[in-house]
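Quick notes on the structure that follows.
Computed over heavy atoms, backbone and side chain alike; hydrogens, waters and symmetry mates excluded.
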Amino acid sequence: MCWYDLDYWGQGTMVTVTTASPAAPSLFPLVSSCWADESQDPVALGCLAKDFLPETIDFSWKDNTNTSITDGIKKFPSVLNTAGTYIATTQLSVTASEAQGVFYCTATYPSGKETIKVHQSCQPTTEPSMTIRPPARDQFLEPNKTSTIICSVKNLCNQAVTLKWLKEGVEVSSGIHTVAPVSSGRNGYTLISELTVSEKDWNNDRVYSCKVESKNFSDIRNTSKSFECGIIEDCFPEISAQLIPPNFADIYIRKSAILTCRVTNMQSTEGLNVIWTREDGTELKTSIGEQKVQSNGRFSVDATTSVCADEWERGDKYTCEVTHPELIFPLKKTLTKQPVTNSHAPSVYIFPPPTEQLALREAATVTCLVKSFNPPDLFIKWLSNGEELNASKYISTQPIQESSQPLLYFAYSTLQISEQEWNTGNTYTCLVGHEKLPLQVTQRTVDKSTVYLDGFVDAEEEDFYNLWTTASTFIILFLLSLFYSTTVTLIKVK
């Protein structure tokens, strides 16, 4: 049982008892408040004797080496309970570190003696639990090529615990950092330990074990590269190469085509070699980028080369060849421009900021809608008074499928400006590039004074054309009617 304050019993009351049968005491251990702060010093332990008769009783204390203790002991007077027998208590004050040990309380009475073990053995609210976490792959990128395995144990009953690290069953003595068990209140103590491992040992599938032993808990946890993967098929995926064609923006702006060969699923990039070649076998200058960590912990690298835009447009073929120590045979893949059926140039529309937004005098949003185009590759840029704006000032969506028969796409871009910038009369231009446009680029411009300028006068022209068509029809009918009337009149005169 947990014991909060032995002084509760006070100084007692002297009672005279007449004739009654002698009774031996029942002993119970008393400990200080469960999971009390360990900084509390001294710690009180106690011993309770119940239901004894006669009143005479004496207490003594010993430690776990059977050595008598004489300091820090208090004995409180016996008290008569309602059953007509006595109860009495004794208290032992020890330091917080000593309180982790075991003590023995002995009660001596006229007909014999009783002994009981006293120690702080409060149980956590939940059973102890142990976990081991494998190393983080991104830490292996550090110059020392090491990472850490973390072992943690929660809900331990006390601080008396032993933790060992094993590698392939052999105890490890270096690279260990262990934090002493820390109190978690009524949840007992938490122990955390870290083991530093090298990338080479981890990739070689070494088995690491964390072994924990305490008075009422013992367990071991293992981890290794293959153990963490289990039977998941893609845990160790094969190295693969993905070819990425150039985007239209590079072709139009740089007048060159950037070809990318992305090598993925490598345990290490050491020994990697990538070569781009033309169809006739001529090698191209290849640049290999920095390695990147994938979600599965493996690495990827982009290898790029540049060719003339017209060579790419006419359908020349280019081959990427990848060699790596993990590959039995080199990987070879060929990239060429794929023809697009049902290609279609985009229609571009520009919209001024909504009136409701301008009324708030906070911001103004100019929108550019690009629709009904195929293939989906295009670029959108914004200009203010003819000067190109930084891409951070606007947001453009990726192409979204608009219809399947025929296959067409749409996209839009929004430019955020201040209400003051709009009202000063600045012009804003949406510049769109697409391979099916007559000049591969078109633009639409808008400002405060007019909604439709430059290329975006299609709607006005269409309205004007419709009006002119209607007027022309009316004029022709009027002339025919006049000609008919004149002809009839002449015939009648004759």
Side-chain angles (χ1 to χ4, degrees), residues 244-260 306-310 312-313 337 340 342-354 357-358 363-403 406-463:
I244 303 174
N247 58 58
F248 179 73
D250 285 336
I251 295 174
Y252 180 82
I253 298 172
R254 301 179 184 177
K255 304 304 178 185
S256 63
I258 307 299
L259 314 181
T260 303
S306 177
V307 298
C308 294
D310 57 349
W312 169 257
E313 294 291 345
K337 182 177 180 179
V340 177
N342 301 321
S343 58
H344 195 275
S347 299
V348 182
Y349 306 91
I350 194 167
F351 302 96
Q357 184 186 34
L358 293 174
T365 303
V366 185
T367 304
C368 182
L369 174 63
V370 187
K371 66 187 303 293
S372 304
F373 58 90
N374 189 33
D377 191 17
L378 86 165
F379 69 82
I380 302 175
K381 294 181 180 295
W382 283 93
L383 293 79
S384 175
N385 296 326
E387 297 292 330
E388 184 176 344
L389 295 174
N390 190 289
S392 62
K393 295 185 178 295
Y394 55 89
I395 298 176
S396 301
T397 68
Q398 292 295 322
I400 304 168
Q401 186 172 327
E402 178 181 325
S403 64
L407 181 59
L408 296 174
Y409 298 86
F410 78 93
Y412 64 90
S413 180
T414 57
L415 172 65
Q416 192 81 4
I417 57 177
S418 67
E419 183 261 349
Q420 292 84 356
E421 289 176 311
W422 173 256
N423 285 329
T424 55
N426 294 327
T427 60
Y428 297 96
T429 302
C430 175
L431 183 70
V432 177
H434 190 271
E435 65 177 57
K436 290 303 174 182
L437 287 167
L439 299 176
Q440 293 194 325
V441 68
T442 190
Q443 64 184 41
R444 301 291 183 265
T445 302
V446 69
D447 61 21
K448 180 183 178 182
S449 63
T450 176
V451 175
Y452 303 104
L453 289 178
D454 195 29
F456 194 58
V457 296
D458 296 1
E460 288 186 350
E461 289 180 340
E462 184 176 356
D463 292 341

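The two residues Gln416 and Ala363 make their nearest non-hydrogen contact at NE2-CB, 3.3 Å. Counting all heavy atoms, side chain and backbone alike, Pro399 lies closest to Pro376 at CG-O, 3.0 Å. Contact detail for His344 and Leu408: the closest heavy-atom pair is CB-CD2, 3.8 Å. When all heavy atoms are compared, the tightest approach of Lys371 to Tyr349 is CD-CE1, 3.8 Å. Considering every non-hydrogen atom in both Phe373 and Pro346, the closest pair reads CB-CB, 3.5 Å.
Atom CG of Leu378 sits about 12.5 Å away from atom CD of Gln440, to the nearest 0.5 Å. A distance of 10.5 Å separates CZ in Phe410 from OG in Ser403, rounded to the nearest 0.5 Å. A distance of 13.0 Å separates OG in Ser372 from OH in Tyr409, rounded to the nearest 0.5 Å. To the nearest 0.5 Å, the span separating CG on Leu383 from CD on Glu388 amounts to 6.0 Å. Atoms CZ and CG, from Phe248 and Leu437 in turn, are 7.5 Å apart once rounded to the nearest 0.5 Å. Rounded to the nearest 0.5 Å, atoms CD (Gln443) and CD1 (Ile380) are 14.0 Å apart.
Contact check for Val366 versus Trp422: side-chain heavy atoms found under the 4.5 Å cut-off. Under the 4.5 Å side-chain criterion, counting only non-hydrogen atoms from C-beta, Cys430 is in contact with Trp382. Within the 4.5 Å cutoff, side-chain heavy atoms of Glu313 are placed close to those of Lys337. The side-chain heavy atoms of Pro246 and Leu259, taken from C-beta on, include a pair separated by under 4.5 Å. Between Glu435 and Pro375, the closest side-chain pair of non-hydrogen atoms falls below 4.5 Å. Using a 4.5 Å cut-off on side-chain heavy atoms (C-beta onward), Phe379 and Asn247 make no contact. Using a 4.5 Å heavy-atom cutoff, the side chains of Val441 and Leu431 are in contact.
Side-chain N or O atoms of Arg444 include one that pairs as donor or acceptor with a backbone N or O of Val348 at under 3.5 Å. A donor-acceptor pair is defined here as one N or O able to donate and one able to accept, closer than 3.5 Å; no such pair exists between the side chain of Asn342 and the backbone of Leu407. No donor-acceptor distance shorter than 3.5 angstrom exists from the side chain of Asn390 to the backbone of Lys393, with no hydrogens or angles considered. In this structure a side-chain-to-backbone donor-acceptor pair under 3.5 Å is missing from Ser384 to Tyr428.
A side-chain donor-acceptor contact under 3.5 Å links Asn385 and Asn426. No hydrogens or angles considered: nothing links the side chains of Ser343 and Asn374 as a donor-acceptor pair under 3.5 Å.
Other residues, nucleotides and ligands place more than 12 heavy atoms under 6.0 Å from the CD1 atom of Ile400. Around the OH atom of Tyr412, the shell of radius 6.0 Å holds no more than 12 heavy atoms that belong to other residues, nucleotides or ligands.
Within the cation-pi definition used here (under 6.0 Å to the ring centroid, within 45° of the axis), Lys255 qualifies as a partner of Tyr252.
Tested against Asn423, the residues Glu421, Gln420, Glu419 include a single side chain to side chain donor-acceptor pair (under 3.5 Å) partner, Glu419.
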The test is side-chain contact (heavy atoms from CB on, under 4.5 Å); show your working for Tyr394 and Lys381 and say whether it passes. CA-CA 9 Å; Tyr394 55 89; Lys381 294 181 180 295; 4.1 Å; yes

